[in-house]
Amino acid sequence: MSEVRVRFAPSPTGSLHIGGARTALFNWLFARHNGGKFILRVDDTDLQRSTEESMKGILEGLRWLGIDWDEGPIYQSQRIEEYRKFANKLLEEGKAYYCFCTKEELEEMRKQAEKEGRPPMYTGKCRNLTKEQIEEHLRQGRKPVIRLKVPQQGKTVVHDVIRGDVEFDNSTFDDFIIMKSDNMPTYNFATVVDDYQMGITHVIRAEEHLSNTPKQILIYEALGLEIPQFAHVSMVLAPDRSKLSKRHGATSVQEFRDQGYLPEAIVNYITLLGWMPKDGEEIFDVSKGIKEFTLERVSKNPAIYDVQKLTWINGHYIRNYDLDKLTEAVIPFLKAKNLIREDFDYDYIKKIVSAVREREKTLVDIADAMSYYFTEVNEYEEKGVKKYLTKEKVVDILKKAVVTLKEVEPFNKFTTEEAYRKLVEELQISSGELFHPTRLAISGRTFGPGLFDIMELLGKERTIERIEKAIDFIEKMRK
RNA sequence: UGGGAGGUCGUCUAACGGUAGGACGGCGGACUCUGGAUCCGCUGGUGGAGGUUCGAGUCCUCCCCUCCCAGCCA
């Protein structure tokens with residue numbers, strides 16, 4: 001058995017969306033599981049739509065996810081002579097031919113088929129041109145495409161590792177184009193030449209290409225090349241079951257990254273779209289995926305991605321990440337919110353992250369939850385105001401809290417909690433009557449880390465100052 | 001119109017022809033401050049109709065639904 005060689009071959013015409021990332025990941029897992037090679041190829045023969053920016057984004061997204069490639073990126077646009085060489089071989093052997101049909105002629109065939117209720121197909125009009133006719137057309141400066149001569153009888157069978165044998169009747173194919181009139185290859189042709197020359201053993205890709213596969217097999221056969229194994233993984237669909245597109249909200253790896261998802265969480269989640277470890281445990285790290293991944297256990301169903309489940313998984317990773325690593329990950333989000341500049345107190349941020357991580361599910365949420373440690377509290381949550389700051393005794397309670405806190409030394413979560421509980425007893429009130437207004441005063445919010453954690457992190461001075469400010473607010477509100 | 005693939009709780013995914021289970025979500029409860037964290041409980045499914053079989057999510061037939069391909073895009 002030769003070495004496993006698989007490839008991921010994105011077209012640089014858009015972002016790396018989660019469906020593509022999932023396909024790349026399955027290829028990568030398969031390569032790593034089998035001690036083989038993962039090759040990155042770039043299908044950039046659509047010269048009009050391919051962009052450098054898109055290419056960069058895809059590479060960056062793969063790197064960020066940790067999907068490293070062993071060879072490449074190999075650009076199709078730099079291999080045009082290879083495709084032309086193989087096309088000429090087919091021409092010389094009479095297995096392909098020039099077609100001079102104009103776009104208008106092709107359109108006419110399409111309309112005729114529609115009128116007769118047939119599927120649109122090329123009629124084979126140029127299939128049997130004489131050498132003289134061909135030369136005459138060329139002399140006139142007409143630019144032909146090259147079409148493969150497709151056998152008109154028999155079946156082509158795709159032996160799919162995931163789905164089993166899939167049969168196609170050759171009569172359903174026309175003589176499809178392999179080289180365009182601009183002398184660039186079509187997708188099906190370039191793919192065959194590349195996969196052969198790169199020694200690809202398994203073509204693992206999305207199911208949308210299953211219907212293209214018999215055409216590729218016909219090309220392999222015409223060229224006399226050995227056919228790789230195919231595995232078509234199911235589509236990842238949008239929540240409305242259509243193909244992923246921007247109207248569905250975040251779909252790309254970059255967008256999820258910008259929303260504060262961790263690469264490990266995304267990798268864990270997208271692995272579950274069509275596969276699962278034997279023990280059924282859904283949180284696992286990538287080494288376990290590498291150890292257990294096989295194509296035979298890949299599901300055939302289309303999958304609809306679920307942002308809520310991804311978010312739940314992300315929360316798990318946030319709670320269990322190495323604290324320093326998590327702090328480093330949060331810092332760009334703090335900067336994006338202008339909460340910190342270049343000279344920040346790393347240890348202080350780390351302490352807050354540690355307090356905040358238990359209750360948040362994305363890095364954006366964490367940064368948001370940290371804002372009141374860095375900026376002044378100028379607003380209070382409206383529902384909190386109504387619920388806690390309109391009570392008759394709240395001002396007296398908060399004034400007494402200030403007096404009490406001024407005496408607390410050292411000022412940490414234990415001493416503040418002890419002082420607060422003692423105050424609750426003295427005043428003969430419920431804990432809530434003291435704790436809730438305090439939380440709102442010092443954070444502006446009704447939820448968050450433990451109250452005494454917040455106090456310790458803010459420090460004595462700011463805690464007291466904010467409570468006093470809230471007292472002012474309440475008194476003004478009462479006028 | 002032709003060809004191809006699929007169909008298990010709302011979503012993802014398990015189940016040698018032999019007990020339909022897990023997770024997320026939703027609902028409820030517990031947490032001597034919150035709850036948008038955590039823990040516990042509940043809820044909820046084999047698209048439909050036949051057939052084969054002692055026994056069908058699983059095998060067969062028909063119907064229905066969804067997706068993909070039929071671009072000189074990939």
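Bear in mind that the values here come from a model prediction, so they are computed numbers and not experimental data.
- Residue contacts for I283(A): at a heavy-atom cut-off of 4.0 Å it reaches no nucleic acid atom on any strand shown.
- For the pair E433(A) CD and rU34(B) C1', the computed distance is 15 Å after rounding to whole Å.
- Within 4.0 Å of N212(A), counting heavy atoms only, lies at least one base atom of the nucleic acid.
- rC64(B) and rG57(B) are spaced 23 Å apart, taking the P atom of each and rounding to whole Å.
- Look at the P atom in both rC40(B) and rC31(B): the space between them is 15 Å, to the nearest Å.
- Side-chain atoms of R359(A) lie closest to rA37(B) of the nucleotides rA74(B), rA23(B), rA37(B).
- Out of rG35(B), rU13(B), rG2(B), the shortest distance to the side chain of A303(A) is found at rU13(B).
- If you check every strand for non-hydrogen atoms under 4.0 Å, S11(A) touches sugar and phosphate atoms only.
- Pair assignment for rG36(B): none, as no Watson-Crick or G-U wobble contacts are both less than 3.5 Å.
- Considering only the side chain of K103(A), rC72(B) comes nearest among rC72(B), rG25(B), rC33(B).
- Straight-line distance between the C1' atoms of rU52(B) and rC59(B): roughly 8 Å, to the nearest whole Å.
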Do D44(A) and Q76(A) pass the side-chain hydrogen bond (donor to acceptor under 3.5 Å, both in side chains) test, and can you show the C-alpha distance, the side-chain angles, and the key distance before you say yes or no?
CA-CA 6 Å; D44(A) 57 345; Q76(A) 280 187 336; over 6 Å; no
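- For the pair I454(A) CD1 and rU34(B) P, the interatomic distance rounds to 13 Å; values are reported in whole Å.
- The partner of rU1(B) is rA70(B), judged by Watson-Crick or G-U wobble contacts that both fall below 3.5 Å.
- In this structure rC31(B) sits in no base pair that meets the Watson-Crick or G-U test at under 3.5 Å.
- Rounded to whole Å, the separation between the C1' atoms of rA37(B) and rC73(B) comes to 47 Å.
- Listed nucleotides: rC24(B), rC33(B), rA74(B). Nearest to the side chain of D306(A): rC24(B).
- No option in K111(A), K125(A), R110(A) other than K125(A) meets the salt bridge (charged side-chain N to carboxylate O under 4.0 Å, His left out) test with E105(A).
- Nucleic acid contact for R319(A): sugar-phosphate only, since backbone atoms but no base atoms lie under 4.0 Å from a heavy atom of the residue.
- Base engagement by L451(A) is indicated by at least one non-hydrogen atom pair under 4.0 Å involving a base atom.
- Note: Y380(A) and F473(A) meet the aromatic proximity criterion, with ring centroids under 6.0 Å apart.
- Using N1 to N3 plus N6-O4 or O6-N4 for Watson-Crick, or N1-O2 and O6-N3 for G-U wobble, each under 3.5 Å, rC9(B) pairs with nothing.
- Mapped onto RNA chain B by nearest heavy atom, P449(A) and K278(A) fall at different nucleotides, with K278(A) at the one closer to the 5' end.
- One finds a side-chain N or O of K361(A) lying less than 4.0 angstrom from the OP1 or OP2 phosphate oxygen of rA37(B).
- G274(A) comes within 4.0 angstrom of sugar-phosphate atoms only, judged by non-hydrogen atoms across all strands, and of no base.
- For S181(A) against rC72(B), a side-chain N or O and a base N or O form a donor-acceptor pair under 3.5 Å.
- Using atom P as the reference point in both rU32(B) and rC27(B), the two lie 23 Å apart (nearest Å).
- As the counterpart of rC16(B), no nucleotide is assigned, since no Watson-Crick or G-U wobble pattern has both distances under 3.5 Å.
- Among the protein residues, H209(A) comes within range of the nucleic acid bases, having at least one heavy atom under 4.0 Å from a base atom.
- Atom P of rG21(B) sits at a distance of 23 Å from the matching atom of rG26(B), rounded to the whole Å.
- Using atom P as the reference point in both rG17(B) and rC12(B), the two lie 25 Å apart (nearest Å).
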Going through the checks in order, is the salt bridge (charged side-chain N to carboxylate O under 4.0 Å, His left out) test met by E207(A) and K300(A)?
CA-CA 9 Å; E207(A) 185 192 18; K300(A) 299 175 187 177; over 6 Å; no
Is there a ring-ring contact (aromatic ring centres under 6.0 Å, His included) between H209(A) and Y187(A) once you walk through the steps?
CA-CA 11 Å; H209(A) 293 298; Y187(A) 162 75; 4.9 Å; yes
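- Looking at heavy-atom distances under 4.0 Å, F447(A) makes contact with a base.
- Look at E433(A) and K391(A) and you find no salt bridge, because none of the NZ, NE, NH1 or NH2 atoms lies under 4.0 Å from a carboxylate O.
- Residue-to-nucleotide proximity on RNA chain B shows that, of E207(A) and Y269(A), the 5′-proximal contact is made by E207(A).
- The K300(A) side chain lies nearest to rG6(B) when the options are rC12(B), rG6(B), rU1(B).
- Residue-level contact check: G448(A) touches the bases, meaning some heavy atom is under 4.0 Å from a base atom.
- Rounded to an integer number of Å, the gap from NE2 of H436(A) to C1' of rC33(B) is 4 Å.
- Nucleic acid contact class of E208(A) (heavy atoms, under 4.0 Å, all strands): sugar-phosphate only.
- R41(A) forms no cation-pi arrangement with Y75(A), by the criterion of a distance under 6.0 Å to the ring centre and an angle within 45° of the ring axis.
- Atom CD in E360(A) sits roughly 17 Å away from atom P in rU34(B) (whole-Å rounding).
- Of all nucleotides listed (rG22(B), rG4(B), rU8(B)), rU8(B) comes nearest to the side chain of N301(A).
- L40(A) and F8(A) get closest at one heavy-atom pair: CD1-O, 3.5 Å.
- Checking rG10(B), rA5(B), rC73(B) against the side-chain heavy atoms of D46(A) singles out rC73(B) as nearest.
- Residue Q48(A) is classed as having no contact, given no heavy-atom separation below 4.0 Å to the nucleic acid.
- Looking at heavy-atom distances under 4.0 Å, C99(A) makes no contact with the nucleic acid at all.
- Considering only side-chain N and O atoms, T172(A) lies nowhere under 4.0 angstrom from the phosphate OP1 or OP2 of rG3(B).
- Atoms CG (N188(A)) and P (rC73(B)) sit 12 Å apart, rounded to a whole Å.
- Between F293(A) and F26(A), the distance from one ring center to the other falls under 6.0 angstrom.
- Among T23(A), N212(A), T191(A), T213(A), the single residue meeting the side-chain hydrogen bond (donor to acceptor under 3.5 Å, both in side chains) criterion with R205(A) is T213(A).
- Residue contacts for I304(A): at a heavy-atom cut-off of 4.0 Å it reaches the sugar-phosphate backbone alone, with no base atom in range.
- Between T45(A) and rA74(B), a side-chain N or O to OP1/OP2 separation shorter than 4.0 Å is present.
- Only the C1' atoms considered, rG44(B) is 24 Å distant from rU38(B), to the nearest whole Å.
- Applying the Watson-Crick and G-U wobble criteria (two distances, each under 3.5 Å), rC59(B) pairs with rG51(B).
- Note on V145(A): a base of the nucleic acid sits closer than 4.0 angstrom, heavy atoms only.
- Checking the phosphate oxygens (OP1, OP2) of rC33(B), a side-chain nitrogen or oxygen of R421(A) falls inside 4.0 Å.
- Within the structure, a side-chain polar atom (N or O) of K180(A) is placed less than 4.0 Å from OP1 or OP2 of rC73(B).
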